[in-house]
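Proteins come first, then strands; the chains are lettered A, B, ... in the order of their sequence lines, and each starts at number 1. Note that these values count all heavy atoms, side chains included, but never hydrogens, waters or copies made by symmetry.
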Amino acid sequence: MKGFILSFRSEFYKSRKTLGFWASVMLPLFIGVLLFVGFYTKSEKLVSMPPMMLWLQFAGAILGIMGSLVLPMYIIFIAYSVNSIEHRADTWKTLFNLPIPRWSVYAAKFFYAVFLVFLCLALFVLFTIGFGNLLSIVKPELRFDNFHMEKELAQIYFKLFLSSLGILSIQFLLSLFWADFLKPMGIGFICTIAGVVAASKGWEYSYLFPYAHPMAAISSMLKNNHGDPANQLQIDVFTKDVFVSMAIAVVVFVAGYFIVQRKSVK
Amino acid sequence: MVITTEGLSFTFGKQQVVNSLALQVPEGSIYGFLGPNGAGKTTTIKLLLNLLKPDAGNIHIFEQDIKTNRISILSQIGSLIEQPALYQHLTGRENLLNRALLLQVPTQRVEDMLDLVQLTAAANKKAGQYSLGMKQRLGIALALLADPKLLILDEPTNGLDPNGIIEIRELLKKLVAQHGKTVFISSHLLGEIERMATHVGIINNGAMLFQGSVADLQSISKPLVRVDAENTVDAANLLTRHHINVTEVTDEHLLVPYISKQQMGEINALLNKNGQTVYSISKQQKDLEKLFLDITQSA
């Protein structure tokens with residue numbers, strides 16, 4: 001456990017000056033600012049909206065692209081960036097001759113990637129709420145302050161986080177093996193497109209395909225409330241696609257551990 | 001023995017890279033691991049560090065089996081394999097601090113190491129901007145960071161200028177003499193190893209050709225006296241008449257087995273006395289290629 005904590009801290013120390021780490025902060029900030037500016041400049045068209053619709057518009061604008069494009073691409077990038085630090089510096093050999101168990105080194109790297117995804121999604125929640133409330137201050141005619149959906153937002157993003165673990169584990173393993181960015185990137189990109197198509201066409205087995213999970217997470221997030229408008233915003237976090245995503249993550253993570261154990265550093 | 005291997009073998013695909021290797025590295029030695037490029041030196045080192053799994057054979061370091069005592073063995077080894085592995089986007093100091101974090105070494109040790117390899121002035125420069133020699137020195141600092149009992153260095157003087165080479169050599173000698181370390185150092189340069197090693201292992205095509213102390217090696221390597229003379233044929237005949245064995249004669253020079261400095265002086269005096277013009281007379285080491293031939297032929 002000590003080796004894991006040391007390795008995890010080292011991962012942070014190594015990456016804190018890289019784009020891989022800062023992307024996790026800059027991406028939600030950038031998209032948040034973009035939306036803020038959009039809503040600010042087009043506020044006259046939005047004044048008539050009830051506060052709940054305003055929030056749904058505001059948060060939905062991000063969530064719409066999140067499931068289909070931003071999250072899978074971001075995961076492909078993060079999985080690559082934590083591994084490429086070692087590929088570029090040729091440091092696998094020094095990592096694996098540290099007096100630290102190999103599983104600690106491997107697990108710390110994996111969980112650091114998971115942590116970055118979590119951080120990024122948590123910041124999306126924070127910035128969505130923050131910029132929404134900021135809009136109600138600088139444009140009081142937009143009644144963002146008359147409705148609250150902090151809990152629902154947190155649930156949606158938590159669901160997205162869980163549904164991204166399957167992709168992350170696969171991309172992590174691909175990036176561990178190939179130093180060349182194009183391979184994991186290319187495979188990830190094709191699978192993401194396939195996933196989006198599968199999920200958006202409502203293919204019945206798309207819940208088994210990890211690259212369809214973020215998209216499926218968005219489309220399956222609302223509980224079937226039988227048209228009761230009072231329960232319109234009940235979030236269903238643990239749907240079957242989320243369970244499949246977590247199961248794939250566990251299986252690939254454990255399989256990856258055995259592969260790393262046997263991996264020779266050439 | 002600090003390192004003992006028995007029947008150590010490793011293949012890449014169909015190529016036998018290490019072939020039934022039996023290393024014996026005594027404590028407190030500087031063990032020079034010699035061989036031409038591609039002889040299997042780096043592969044052997046990776047086997048010793050458990051980065052590669054041997055196809056056959058055993059490795060014992062500090063009298064412990066590497067298979068069952070990996071962590072405790074690795075915690076006492078500092079290593080530098082091929083070109084130093086540095087995070088280019090971090091400064092020299094940050095590279096050391098990162099490793100100090102992993103090895104739980106006090107940060108003061110980082111400053112000491114920077115000082116030792118004379119990188120204090122460049123400590124805040126990104127490692128990617130370092131010259132080859134500076135990278136190599138930082139790699140050595142990283143290897144020494146945890147104050148290991150055994151240092152395994154793969155061609156550590158690659159890319160260093162003559163001053164740098166001397167500094168590293170003196171540093172390694174000091175570590176062994178004053179701090180009781182053991183150094184396992186690979187090289188393809190016999191001259192470099194002879195200047196510091198106490199023990200030598202020579203490997204070619206993955207197999208050990210010679211292993212022993214430097215004195216043992218010198219008795220095999222048989223240095224020569226090279227004489228450049230105006231008329232080498234006459235000079236050779238003169239020497240032969242005086243029962244001095246001449247092994248090679250060309251238009252420019254002749255070669256005689258080296259025995260001692262006195263013998264060199266006597267040869268010089270003899271040639272001069274008999275009217276032979278000597279341009280130069282020098283002790284010449286056989287190069288590694290010839291040494292290999294000698295060792296393989298005698299084996």
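Among Pro101(A), Ser7(A), Ala89(A), Gly3(A), the residue with the largest count of heavy-atom pairs under 4.5 Å with chain B is Ala89(A). Counting heavy-atom pairs closer than 4.5 Å to chain A, the top-ranked of the candidates Asn98(B), Thr42(B), Leu49(B) is Asn98(B). No other option in Ile81(B), Leu97(B), Asn95(B), Asn50(B) has as many heavy-atom pairs under 4.5 Å with chain A as Ile81(B).
For residues 60-73 of chain B, heavy-atom neighbours of chain A at less than 4.5 Å comprise Arg70(B), Ile71(B), sorted by residue number.
In this structure, Tyr80(A) has its ring center at least 6.0 angstrom away from the ring center of Phe172(A). Aromatic rings of Trp92(A) and His87(A) (six-membered ring for Trp) have centroids within the 6.0 Å cut-off, being under it. For Phe8(A) and Phe111(A), the ring centers are positioned 6.0 Å apart or more. Ring centroids of Phe253(A) and Tyr106(A) are separated by less than 6.0 Å, placing the two rings close together.
From Arg88(A), atom CZ reaches atom CG of Leu86(B) across 13.5 Å, with rounding to the nearest 0.5 Å.
Of the atoms belonging to Gln104(B), it is side-chain heavy atoms, and not backbone ones, that fall under 4.5 Å from chain A. Neither the backbone nor the side chain of Leu142(B) comes within contact range of chain A; no heavy atom of the residue lies under 4.5 Å from a heavy atom of that chain.
Annotation: Phe181(A), atom CZ; neighbour count of heavy atoms from other residues, nucleotides and ligands within 6.0 Å is above 12.
Proximity of a side-chain donor or acceptor of Thr5(B) to a complementary backbone N or O of Leu23(B) within less than 3.5 Å is detected.
Annotation: cation-pi geometry satisfied between Arg16(A) and Tyr13(A) (NZ/CZ under 6.0 angstrom from ring centroid, within 45° of ring axis).
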